[in-house]
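To keep things clear, I will list the structure first and then write my remarks on it.
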Amino acid sequence: MNDLYLYVSLIKNSNSDSFVVDRTSTGDVSDADGVLTEYIEQTVTFENGVIIKQCVEFEQGEVAPDVVCAECWISYEVLSEPSGLDIWPKRKSFVNQCQEAFWLKMSMTHKAT
């Protein structure tokens, strides 16, 4: 497994525990002028030795009804990989969940063809 999207898919899939050997997460909420921003960082270790860090940051509160996909900041970074594996890309960032979902869908579709 050399494609980052495969690991991102496993991180997001709650049924992937057979591939994941460890998950650690931390979180924080900050208040800036009455706007609550939540930050969550998760480090996931896979059975093949790969370690990926996921960071998610978003503002808490209600989303305007005309907003299709609320803004948030999501990133994935390869922290460690065993020799012989060259996961690509090493880092990927998104500005909302819709963009992340589209990248995953396109990556899986492209790989299947």
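Values reported hereafter were calculated over all heavy atoms of this structure, with side chains retained and with hydrogens, waters and symmetry mates removed. Residue numbers run from 1 in the order of the sequence given. Quick caveat, the model's predicted, so the values are computed rather than measured.
Scanning all heavy atoms of the two residues, the minimum distance from Val21 to Glu47 falls at CG1-CA, 3.8 Å. Across all their heavy atoms, Pro82 and Asn48 have their closest contact at CG-O, 3.1 Å. What you find for Arg23 and Asn13 is that their closest heavy atoms are NH2-O, 4.1 Å. Heavy-atom minimum distance, Thr24 versus Asp22: CG2-OD2, 3.6 Å. What you find for Leu79 and Lys53 is that their closest heavy atoms are CD1-CB, 3.7 Å.
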Task: side-chain contact (heavy atoms from CB on, under 4.5 Å) between Ile74 and Tyr76, worked out - done: CA-CA 7 Å; Ile74 306 164; Tyr76 296 90; 3.6 Å; yes
Task: CA sep, side-chain torsions, deciding dist, call: Ile52, Ile11, side-chain contact (heavy atoms from CB on, under 4.5 Å) - done: CA-CA 9 Å; Ile52 306 285; Ile11 289 170; 3.7 Å; yes
Task: Criterion side-chain contact (heavy atoms from CB on, under 4.5 Å) on Thr26 and Ile40, from CA distance to verdict - done: CA-CA 6 Å; Thr26 59; Ile40 302 167; over 6 Å; no
- [ ] Check the pair Tyr7 / Val78 against side-chain contact (heavy atoms from CB on, under 4.5 Å), numbers first and verdict last.
- [x] CA-CA 10 Å; Tyr7 293 94; Val78 178; over 6 Å; no
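With rounding to the nearest 0.5 angstrom, the OG atom of Ser9 is 11.5 Å from the CG atom of Asp3. Atom SG in Cys98 sits 15.5 Å away from atom CH2 in Trp103 (nearest 0.5 Å). Here Ile87 contributes atom CD1 and Phe46 contributes atom CZ; the two are 8.5 Å apart, rounded to the nearest 0.5 Å. Here Asp28 contributes atom CG and Glu38 contributes atom CD; the two are 9.0 Å apart, rounded to the nearest 0.5 Å.
Within a 6.0 Å radius of CZ in Phe102, other residues, nucleotides and ligands contribute 12 heavy atoms or fewer. A 6.0 Å sphere centred on CD of Glu77 holds more than 12 heavy atoms belonging to other residues, nucleotides or ligands.
At a threshold of 4.5 Å between non-hydrogen side-chain atoms, the residues Glu41 and Ser25 do not count as touching. Using a 4.5 Å cut-off on side-chain heavy atoms (C-beta onward), Lys90 and Glu81 make contact. Side chains of Val20 and Thr45 form no contact here, defined as non-hydrogen atoms less than 4.5 Å apart. At least one side-chain heavy atom of Gln97 sits less than 4.5 Å from a side-chain heavy atom of Cys72. Side-chain contact check for Val50 versus Leu85: some heavy-atom pair is nearer than 4.5 Å.
Aromatic ring centres of Phe58 and Trp73 lie farther apart than the 6.0 Å criterion allows.
The main-chain N or O of Gln99 is found under 3.5 Å from a side-chain atom of Asn96 such that the two form a donor-acceptor pair.
For the salt bridge (Lys or Arg N to Asp or Glu O under 4.0 Å) condition, the pairs that include at least one residue of residues 92-110, sequence neighbours left out, are Lys12-Glu100.
Linking Ile, Leu, Val, Met, Phe, Trp and Tyr whenever their side-chain heavy atoms come within less than 4.5 Å leaves Val95 and Tyr39 in two separate clusters.
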